[in-house]
Amino acid sequence: MLSALLVLTAPEALAASKSRSKAKSSKARSGTSKAAPVTPAPQPAPSPEPVAEPASEAPKKEEAEAEAPVVPVEQPRAVVAAKPAAAARPAPAPRSAPAAARPSESSSKATAGRMRVGVGPDFFLESARLNGEQGINISRRDESFEYSSAGFVSATLWLNTSVPSVSERLRVGAGARIFGNYGAGGGRTFGFGLLNEAFAFAEYGLPVANKTEVVFAARGGLSLLVPGQEFAAEIRRLQEQGVGVWSVPRVGWLAGPSVGARRRMTERILLRADILGQVQQQFLFATSEDIDGLRYTKNWSTLALRLGLSLGVEFDF
C-alpha cells in the first residue's frame, strides 16, 4: 500500500515541484522587471573608446569653462588691435618715405619743364682763312691769307625750354654770341668789325649723378658782321673807285656740335660747361660788274674753325 501510494504521489510531487520552481522563476523575473525602473539594468561593459570620450569631454568642458572668462577679453583685444592697424595703414613708415620723395620728383619734373635763361663767357682757339681774289678783265690777283683771331673771348646769351611731347630730357632754344671787334692776328693784322651770331640749338641731357647730367647739343644759325676797321676802309676805297659795294652788315652761317655737363645748384640755378666745335663762313664781297668798259670782280669770304670752352649759368623761371 505504501509503495503504491508513493508511486501514485511521486508524479504529483514532481509536478508540484516543477510548478513551484516555475512560479519562483516567474516571480524572480517579475521582480526584476518591476525593479527595472528603480535600478537601471546592467549595461554591457563599454569599450575603451567610449570610456575615453567622457574622460576627454570632461577636460574639454573644464577647459571651455576655464577659457570662458578669457573669451570676452580676447574679443576686445582683437577689436583694439584692428583699430590701430586700420589707422596705421594710411601712412605706414616704409611707404611714407617714397611718398615724401614723390613731391621732389614731381617738382624736379616741373622744374625741368620751365624756361631757362643762360649767360656765360666762351674761350676759344681759331684757325681761319680769308679766301679772296680781285679781277679786272682777265687779270687776277690773289688776296687770300690765313689768320687766327686776334681775340679769344666771346659772350653768349641763350634761352631754352623742354619739349615734353618728345622727351623730358630734350630742350630746344635760341641764343646770341657776341665776339666784339673781330680781327686777324699774327703775321698779318686785319680788322673785320663787330661779329655777332644768332643760332638755334637742341640739347639732350643724360643724368649721370645726383643733380648732374651730361649734355649733348648741336647748333646752327647765322652770323652777322658789321664792317669796321680795315674792312670798312676797303669798302670805302672801292666805293671811291666806283665799285657798287655797300656798307651793310655781311651775313654768314655757322654750325657745330658740343658736349658738356650741367649741375643743378639750387632749385632755380644751374651751372654748366661745354666743349664746342664750330665752323663758320662769312661772306664779305661778291661783286661782278662793268666799270668804264672793264669787267671788275671781287670775291671775299672767310672760313673759320673754332674749338672753345663755354662756361655758363642758367636760371629757371
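Just so you know, residue 1 is the first one in the sequence shown, and it goes up from there.
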Would you say that more than 12 heavy atoms from the other residues, nucleotides or ligands in this model lie under 6.0 Å from the CG of Leu309, or not? yes

OG of Ser127 to CG of Leu303, rounded to nearest 0.5 Å, is 9.0 Å

Would you mind checking if Glu203 and Arg272 are paired as a salt bridge, meaning a charged N to carboxylate O distance below 4.0 Å? yes

Give the ring-plane orientation class for Phe123 versus Phe152, where under 30° counts as parallel, over 60° as perpendicular and anything between as tilted. parallel

Heavy-atom side-chain proximity of Leu194 to Asn181 below 4.5 angstrom: yes

Minimum side-chain heavy-atom gap Arg250-Phe283 below 4.5 Å: no

Is it true that Glu197 and Arg306 make a salt bridge, defined as a side-chain N closer than 4.0 Å to a carboxylate O? yes

Inspect the contact between Arg114 and Glu267 and indicate whether a charged nitrogen and a carboxylate oxygen are less than 4.0 angstrom apart. yes

Within a reach of under 6.0 Å around CG of Leu311, are more than 12 heavy atoms found that belong to other residues, nucleotides or ligands? yes

Flag for Tyr182-Glu126: side-chain donor and acceptor within less than 3.5 Å: yes

Cluster question for you: counting only ILVMFWY and a side-chain heavy-atom cut-off of under 4.5 Å, with indirect links fine, are Phe317 and Phe315 together? yes

Using only atom types and a distance under 3.5 Å, with no angle test, would you say the side chain of Arg268 pairs donor to acceptor with the backbone of Met265? no

Please determine which of Gln134, Gln241, Glu289 meets the side chain to side chain donor-acceptor pair (under 3.5 Å) test together with Tyr296. Gln134

I want to check something: taking the side chain as every heavy atom from C-beta on, are Asp122 and Gln278 in contact at a cut-off of under 4.5 Å? no

Where do Pro227 and Ala232 come nearest, in terms of heavy atoms and distance? C-CB, 4.1 Å

Glu234/Arg237 salt bridge by N-O under 4.0 Å criterion: yes

Do Val153 and Ile275 land in one hydrophobic cluster if side-chain heavy atoms of ILVMFWY residues count as linked below 4.5 Å? yes

Any Leu130 side-chain heavy atom under 4.5 Å of Leu284 side chain: yes

Side chains of Ser247 and Gln239 only: does a donor on one sit below 3.5 Å from an acceptor on the other? yes

Do the side chains of Leu271 and Leu157 join up, straight or via other hydrophobic residues, at under 4.5 Å, putting them in one cluster? yes

I'd like to check Leu224 versus Val251 (side-chain heavy atoms, cut-off strictly below 4.5 Å). Are they in contact? yes

Shared hydrophobic cluster, Leu238 / Ile136 (ILVMFWY, side-chain heavy atoms < 4.5 Å): yes

For a 4.5 angstrom cut-off between non-hydrogen side-chain atoms, does Val166 reach Glu168? no

Side chain to side chain contact (heavy atoms under 4.5 Å, CB included) evaluation trace for Ser149 with Phe124: CA-CA 9 Å; Ser149 174; Phe124 64 92; 3.9 Å; yes

Got Arg116 and Asp316 here, is their nearest side-chain heavy-atom distance under 4.5 Å? yes

Begin with the C-alpha distance, continue with both residues' side-chain angles, and end with the deciding distance and a verdict on side chain to side chain contact (heavy atoms under 4.5 Å, CB included) for Gln281 and Ser301. CA-CA 7 Å; Gln281 186 173 23; Ser301 65; 4.0 Å; yes

Are Thr189 and Gln229 close enough that some pair of their side-chain heavy atoms sits under 4.5 Å apart? no

Heavy-atom closest pair (Pro207 atom, Gly205 atom, distance to 0.1 Å) is CD-O, 3.6 Å

Applying a strict under-4.5 Å side-chain criterion to I, L, V, M, F, W and Y, I'd like to know whether Phe231 and Val248 cluster together. no

Candidate pair Arg177 and Leu254, rule side chain to side chain contact (heavy atoms under 4.5 Å, CB included), full reasoning: CA-CA 11 Å; Arg177 187 177 183 183; Leu254 64 99; over 6 Å; no

Here the pair of heavy atoms bringing Ser288 nearest to Thr297 is OG-CG2, 3.4 Å

Side chain Arg263, main chain Asn210, donor-acceptor under 3.5 Å: yes

Output the distance between atom CG (Leu294) and atom CG (Asn137), rounded to the nearest 0.5 Å. 5.0 Å

Please find the pair of heavy atoms, one from Leu276 and one from Ser258, that lie closest to each other, and give the distance. CD1-CB, 3.8 Å

Residue pair Phe199 / Ala176: nearest heavy atoms and the distance that separates them: CE2-N, 3.7 Å

Quick check against the 3.5 Å criterion: does Asp142 have a side-chain atom that pairs as donor or acceptor with the backbone of Ser144? yes

Point-to-point distance, once rounded to the nearest 0.5 Å, from OG1 of Thr302 to CG of Leu225: 7.5 Å

Checking the side chain of Asn299 only, and the main-chain atoms of Ala286 only, is there a donor and an acceptor separated by less than 3.5 Å? no

Any idea how Phe192 and Tyr147 line up, ring-wise: parallel (<30°), tilted (30 to 60°), or perpendicular (>60°)? tilted

Drop me the distance from Lys298's NZ to Phe285's CZ, to the nearest 0.5 angstrom. 6.0 Å

Kindly compute the distance separating CZ (Phe179) from OG (Ser223), expressed to the nearest 0.5 Å. 9.0 Å

Note: Ile291 and Gly242 closest approach over all heavy atoms is CD1-O, 3.9 Å

Looking at CE of Met115 and CZ of Arg171, how far apart are the two atoms once the value is rounded to the nearest 0.5 Å? 8.5 Å

